[in-house]
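Encoded as structure tokens, the structure appears first; notes follow it.
Please read these numbers as outputs of a predicted model, since none were measured by experiment. FYI, side chains are in, hydrogens and waters are out, and symmetry mates aren't considered; it's all heavy atoms of this structure.
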Amino acid sequence: MDDLSRVFYEFKFKDIIRENTDTQFEDFFSNVMQLKHKDNFMPCRPWGSDGDKKNDGYLIQERHLFAVNGPSSLNQNRMISKLESDFLGAQDYWEDYFDNWSFVHNQSALPPRVNKKMLSLATRHCQIKFSFWGPSELKSIIFSLDERLINQILGPIPSRKSFTYLTFEDIQPVITSISKRANPKIDDMIPVPEDKLLINGFSDPIIELIRTGINRAPLVRQYLNLQPKMNLGDQIAETLKKHYEHLRDNTDLDPDDIYSELVNYVADNDKKNNQIYMVAVHTVLAYFFEQCTIFEGVRA
């Protein structure tokens, strides 16, 4: 796996974690664990009125039971209630079979009251080893696998050659999609500061994606210059700028997640598995990043 492949896989992993919630997140966890541990991992599906008896997966040799919770939004009270009920329910039915219990979640970090509840359970049930598993633990498991299995979990990704062979025809559907959103003309663009990538606090994978896209950004400029519609680039710039500012000012998303949201905003859902199309999406975003349309261009 080369460095750019790793970047795309990490980007897709974050996207999957954000988009797959509830039962989809449970299915994702089970799929990852079965590919990693094979017959040593025992999935457990709900069955009628019995449900799953608070068992969302079990590592046989390790005597390790999992409870999985992937909410679409975090509510401390609900998560605390689920944390406690999942453990006590598992203890009631599976007590003779586990020494390790993990609460698997889809959050980057958990709030203090949830952490305190886990510590309280661990204190009261000291014979059990408790732990939280979040996205970082799942990511470590996935990237420990053979690339063929990583591809099976996360799906196909573009290669560095995909950027090299990008054409006007590949960029056209991305530009068309954005230009359908009506917005007023943007002010004149300003040159991008050399330290803009660092100013915005991106992670290394997002920095590499933007840098790679910027290498092909002149193709976007050429394409826009050849279009008969006057000020098409300005209108698209304003569209992206407004959506970026909405995400920045009205959400708690970090810069990486805002970039991911912009990708989702620009991309056609039906084309996300088209590798060349996604290369074009990242290249178009890199062009408007370079032009200081999106993200911050000066230090606050």
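Residues that satisfy the side-chain hydrogen bond (donor to acceptor under 3.5 Å, both in side chains) test with Gln152, not counting sequence neighbours, are absent from this structure. Every residue two or more places apart in sequence or in another chain that forms a ring pair (Phe, Tyr, Trp, His ring centres under 6.0 Å) with His64 is listed here: Phe66, Trp133. Not counting sequence neighbours, the partners of Lys82 by the salt bridge (charged side-chain N to carboxylate O under 4.0 Å, His left out) test are Asp86. In this structure Arg113 satisfies the salt bridge (charged side-chain N to carboxylate O under 4.0 Å, His left out) test with no other residue, sequence neighbours excluded. Residues passing the side-chain contact (heavy atoms from CB on, under 4.5 Å) test with Lys53, sequence neighbours excluded: Asp50, Tyr93, Trp94.
Distance check: Asp99 CG to Glu62 CD gives 11.0 Å after rounding to the nearest 0.5 Å.
Salt-bridge check for Lys117 with Glu84: passed, with a basic side-chain N closer than 4.0 Å to an acidic carboxylate O. Between Asp15 and Lys12 there is no salt bridge, since no side-chain N of the basic residue sits under 4.0 Å from a carboxylate O of the acidic one.
Of the possible donor and acceptor atoms, one in the side chain of Tyr277 sits under 3.5 Å from a partner among the backbone N and O of Asp268.
Both the sub-6.0 Å distance and the 45° axial angle are not jointly satisfied by Lys54 relative to the ring of Phe87. By the 6.0 Å and 45° rule, Arg6 stacks over the aromatic ring of Phe143.
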All N/O donor-acceptor pairs, side-chain side in residues 203-218, below 3.5 Å, sequence neighbours left out:
from: Ser203; atom 1: OG; to: Asp256; atom 2: OD2; distance (Å): 2.5
from: Glu208; atom 1: OE2; to: Thr212; atom 2: OG1; distance (Å): 3.4
from: Thr212; atom 1: OG1; to: Glu208; atom 2: O; distance (Å): 2.7
from: Arg216; atom 1: NE; to: Phe163; atom 2: O; distance (Å): 2.9
from: Arg216; atom 1: NH2; to: Leu166; atom 2: O; distance (Å): 3.1

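Ring orientation note: the planes of Trp101 and Phe130 are nearly perpendicular, at an angle over 60° on the 30°/60° scale.
Using a 4.5 Å cut-off on side-chain heavy atoms (C-beta onward), Leu226 and Phe168 make contact.
Residues Phe8 and His282 place their aromatic rings such that the two centres sit under 6.0 Å apart.
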For His37 and Gln61: C-alpha separation, side-chain torsions, deciding distance, then whether side chain to side chain contact (heavy atoms under 4.5 Å, CB included) applies.
CA-CA 10 Å; His37 297 284; Gln61 294 181 12; over 6 Å; no
